[in-house]
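Reviewing the structure listed below.
Reckoned from all heavy atoms, side chains included, excluding hydrogens, waters and symmetry mates.
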Amino acid sequence: MESAASRRGSEYAVLLRRVRSAGLLNRRLRYYLWRSALTAAAWVIGWIAFVVVGDSWWQLAVAVFLGVVFPQFAFLGHDAGHRQIFGTRQANYLYGAIFGNLAIGVSIGWWTSNHNRHHAHPNTEGEDPDIEGVLAHSSERARAGRGIRGLIFRYQAWLFFPMLLLEAGSLHIQSAKAAIRWPIPNRALEATLLAAHAVGYLCAVFLILSPAKAIVFIAVQQGLFGLYMGSTFAPNHKGMAVLSADDATDFLRRQVLTSRNVRGGPFIDTAMGGLNYQIEHHLFPSMPRPNLRQAQPLVEQFCAELDLPYCETTLLGSYSQALRHLHSVTRTPEPVEIATEAASASAPIGFATSATSHDPRPESAN
């Protein structure tokens, strides 16, 4: 008799076969070539404009432009970290080091290690580094907060977007720490590229601008960079199911129930770097970004066949759900499952997570 574990594993295998037969795991090198060229061109244009404008407060416009361009490099580095672009690990790594370490000062080695832990255990307390930071995602963690951390937890819904202005600084600091202390591969190369970015960025800014303008430029450019990045990640998991470390939910349900999609057209796809298809991305991390849109109806239909909630909402709706969750966990004595409410708003089907199963992740999910 077929066990529950093998049955759940075979469910993901069915979906995987459908996706593969549709050719959605095939490389899209041409897409990434022109996307990379456009992004690199925008980066070059931004710094040329910086030199041409000179010591002027008009540099704030350049800061805004570069604050929008930097996240596009991060999205491409993200795709390389998941091996979506090239067929070999080495090619993806080198691409990520150039577009991450050198162009925007974020370590591809640190990010990949951190992000893979998130993909393996999304929204899992004690396992997912993305929910172990400055915010509380469960009422248990909110109640455990003391001192400054407890104060932040109490007002975290109000502080969330303002704190994102510091996100870029956090990325740079964590990248530098990893290059110095972590046993990441090619640590010397990563440290060299990070140092080259920092020296080049700071020299350009302080040589061309007066000290006051330079500081304001950095604050605006890096603040917008962090705000943009945080705003694209916020809709993905905040307000969805938070799992305990010993939760045995199978891979398919773990990824779907903890993730949220954001509806939108080509503009949203570009602005969010494809992360608006968070469910599909978590189920198939190595799927090239342009294929996620095509995979979405296949995955939604499959979830409907299993009576598995598939959460999809608007961008503003996702922010509302995330902020309400951050607020509720600091006011509710028991853990809050906002995921049920969020899912029911977009899919009137049951919420089932109780089955125990092994984790049938494909190799690309790690």
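Pairing each heavy atom of L194 with each of V106, the nearest pair is CD2-N, 3.9 Å.
Looking only at distances, a side-chain donor or acceptor of R27 sits under 3.5 Å from a matching main-chain atom of F86. Proximity of a side-chain donor or acceptor of E132 to a complementary backbone N or O of E125 within less than 3.5 Å is not detected. Judged by distance alone, with hydrogens and angles left aside, the side-chain atoms of T330 form a donor-acceptor pair with the main-chain N or O of H327 at under 3.5 Å. Listed for the R20 side chain is no donor-acceptor partner under 3.5 Å among the backbone atoms of L25. In this structure a side-chain-to-backbone donor-acceptor pair under 3.5 Å is present from T232 to M229. N101 places no side-chain N or O within 3.5 Å of a backbone atom of L193 that could act as its donor or acceptor partner. In terms of modelled atom types and a separation under 3.5 Å, the side chain of S113 and the main chain of W110 share no donor-acceptor contact. Of the possible donor and acceptor atoms, one in the side chain of Y319 sits under 3.5 Å from a partner among the backbone N and O of S231. Proximity of a side-chain donor or acceptor of Y32 to a complementary backbone N or O of R289 within less than 3.5 Å is detected.
Using bins of under 30°, 30° to 60° and over 60° for the plane-to-plane angle, the ring pair Y95/F99 lands in the parallel bin.
No close placement of the Y228 and F70 rings is indicated, their centers lying 6.0 Å or farther apart.
Judged purely by distance below 3.5 Å, without hydrogens or angles, the side chains of H137 and H237 never pair a donor atom with an acceptor atom. With hydrogens and angles left out, the side-chain atoms of N261 and E280 include a donor and acceptor closer than 3.5 Å. A side-chain donor-acceptor contact under 3.5 Å links H119 and H281. A donor-acceptor pair shorter than 3.5 Å cannot be found between the side chains of N236 and R260. The closest side-chain donor-acceptor pair between H78 and Q84, if any, does not fall under 3.5 angstrom. Side-chain contact of Q296 with Y310: a donor-acceptor pair under 3.5 Å is present, judged by distance alone. Using a 3.5 Å distance cut-off with no hydrogens or angles, the side chains of Q278 and H282 do pair a donor with an acceptor. A donor-acceptor pair shorter than 3.5 Å cannot be found between the side chains of Y12 and Q255.
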Go through it in stages, so that I can follow the logic: the residues are E305 and R18, the test is salt bridge (Lys or Arg N to Asp or Glu O under 4.0 Å), and I'd like the CA-CA distance, side-chain angles, deciding distance and then a yes or no.
CA-CA 14 Å; E305 293 172 10; R18 292 183 188 181; 3.2 Å; yes
Residue pair D269, R293: steps toward the salt bridge (Lys or Arg N to Asp or Glu O under 4.0 Å) verdict
CA-CA 9 Å; D269 291 358; R293 171 178 280 273; 3.0 Å; yes
side-chain hydrogen bond (donor to acceptor under 3.5 Å, both in side chains) between Y93 and E190: does it pass, once the steps are laid out?
CA-CA 11 Å; Y93 177 81; E190 295 229 10; 2.6 Å; yes
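Between E127 and L243, every side-chain heavy-atom pair lies at or beyond the 4.5 Å cut-off.
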